[in-house]
Peer 1: 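What follows is a single structure, and I will ask about it in a moment.
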Amino acid sequence: MIRLRAAALTIGAAAAALTLTMGTAQAAPGDTSTMCSSSLTPGGYVDVQWWNSAGCGSGFNPNTKKIMLLTGYPVGTTVNACASTWPPAGWTIVSSFYSAGCQYSSVPSLNNNSWQLKRVS
């Protein structure tokens with residue numbers, strides 16, 4: 001029975017490793033992913049939501065963020081983003097507003113914490 005479990009675990013680990021090493025499809029404009037706030041938002045992405053998650057540690061500060069890829073959108077596109085990271089090159093801030101999903105501080109306020117961005121070049 002122990003050998004059977006060990007064999008199943010080995011096969012499962014090998015399948016997981018194979019999945020991680022296989023190439024992934026290129027991300028498309030608007031694709032989102034989740035990451036811990038301790039990691040910098042990659043170039044071409046903006047933060048679109050913040051929350052607290054046990055998977056990214058403990059504490060009172062929101063520690064998890066959803067990021068969205070802006071690279072590839074056509075000129076004239078508008079999107080909403082958290083004001084926790086600067087817009088990528090080619091995007092400008094059109095307006096600012098408050099969003100409950102963009103509270104990236106443990107001290108919440110009703111101050112503007114989000115932007116409407118527009119692709120200009």
Peer 1: Please report the closest heavy-atom contact between P29 and G72, naming both atoms and the distance.
Peer 2: CG-C, 3.6 Å
Peer 1: Is there a path of hydrophobic side-chain contacts, each under 4.5 Å between heavy atoms, that joins V48 and L69?
Peer 2: no
Peer 1: Less than 4.5 Å apart, side chain to side chain, heavy atoms only: is that true for P87 and I93?
Peer 2: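 Of all side-chain heavy-atom pairs linking I93 with P87, at least one is under 4.5 Å.
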Peer 1: If every non-hydrogen atom of A81 is compared with every non-hydrogen atom of C102, which pair is closest and at what distance?
Peer 2: C-SG, 4.5 Å
Peer 1: Drop me the distance from C56's SG to M35's CE, to the nearest 0.5 angstrom.
Peer 2: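 Rounded to the nearest 0.5 Å, the SG-CE separation comes to 9.0 Å.
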Peer 1: My understanding is that only residues two or more places apart in sequence, or in another chain, count here; which of them pass side-chain contact (heavy atoms from CB on, under 4.5 Å) with W51?
Peer 2: T34, Q49, S53, T64, K66
Peer 1: Using 0.5 Å steps for rounding, measure from the OG1 atom of T32 to the NZ atom of K65.
Peer 2: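 It comes to 14.0 Å.
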Peer 1: Give the C-alpha distance, both sets of side-chain angles, the deciding distance and a yes or no for side chain to side chain contact (heavy atoms under 4.5 Å, CB included) between T77 and W91.
Peer 2: CA-CA 9 Å; T77 301; W91 291 82; 4.2 Å; yes
Peer 1: In Å and rounded to the nearest 0.5 Å, what is the CD1 to OG1 distance from I67 to T85?
Peer 2: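 If we round to the nearest 0.5 Å, I67:CD1 and T85:OG1 are 9.5 Å apart.
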Peer 1: Tell me whether N61 contacts the main-chain N or O of S106 through its side chain, where contact means a donor paired with an acceptor under 3.5 Å.
Peer 2: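 Yes.
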Peer 1: Quick one: do N80 and F97 satisfy side chain to side chain contact (heavy atoms under 4.5 Å, CB included)? Show the steps, please.
Peer 2: CA-CA 10 Å; N80 293 332; F97 58 95; 3.8 Å; yes
Peer 1: Indicate if V94 and M68 have the same hydrophobic cluster label, given that clusters are the connected sets of ILVMFWY residues with side-chain heavy-atom separations under 4.5 angstrom.
Peer 2: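 Different hydrophobic clusters.
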Peer 1: Grouping I, L, V, M, F, W and Y whenever their side-chain heavy atoms are under 4.5 Å apart, do V79 and W86 come out in a common cluster?
Peer 2: yes
Peer 1: Which distance, rounded to the nearest 0.5 Å, do you find between the CH2 of W50 and the SG of C82?
Peer 2: 8.0 Å
Peer 1: Looking only at non-hydrogen atoms, find the nearest pair between S58 and N63 and report the distance.
Peer 2: N-ND2, 4.3 Å
Peer 1: Hey, could you give me the OH/CG distance between Y98 and N113, rounded to the nearest 0.5 Å?
Peer 2: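 Here the rounded value is 6.5 Å.
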Peer 1: Between N52 (side chain) and G59 (backbone), is there a donor-acceptor pair under 3.5 Å?
Peer 2: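 Yes, the answer is positive, given that a donor and an acceptor are paired below the 3.5 Å cut-off.
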Peer 1: Let's go through Y104 and S37 carefully: what are the C-alpha distance in whole Å and the side-chain angles of both, what is the deciding distance for side chain to side chain contact (heavy atoms under 4.5 Å, CB included) to 0.1 Å, and is it a yes or a no?
Peer 2: CA-CA 9 Å; Y104 47 89; S37 64; over 6 Å; no
Peer 1: Look up atom OG in S121 and atom CZ in R119, then write down how far apart they are to the nearest 0.5 Å.
Peer 2: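 Reported value, rounded in 0.5 Å steps: 6.0 Å.
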Peer 1: Side chains of T41 and D47 only: does a donor on one sit below 3.5 Å from an acceptor on the other?
Peer 2: yes
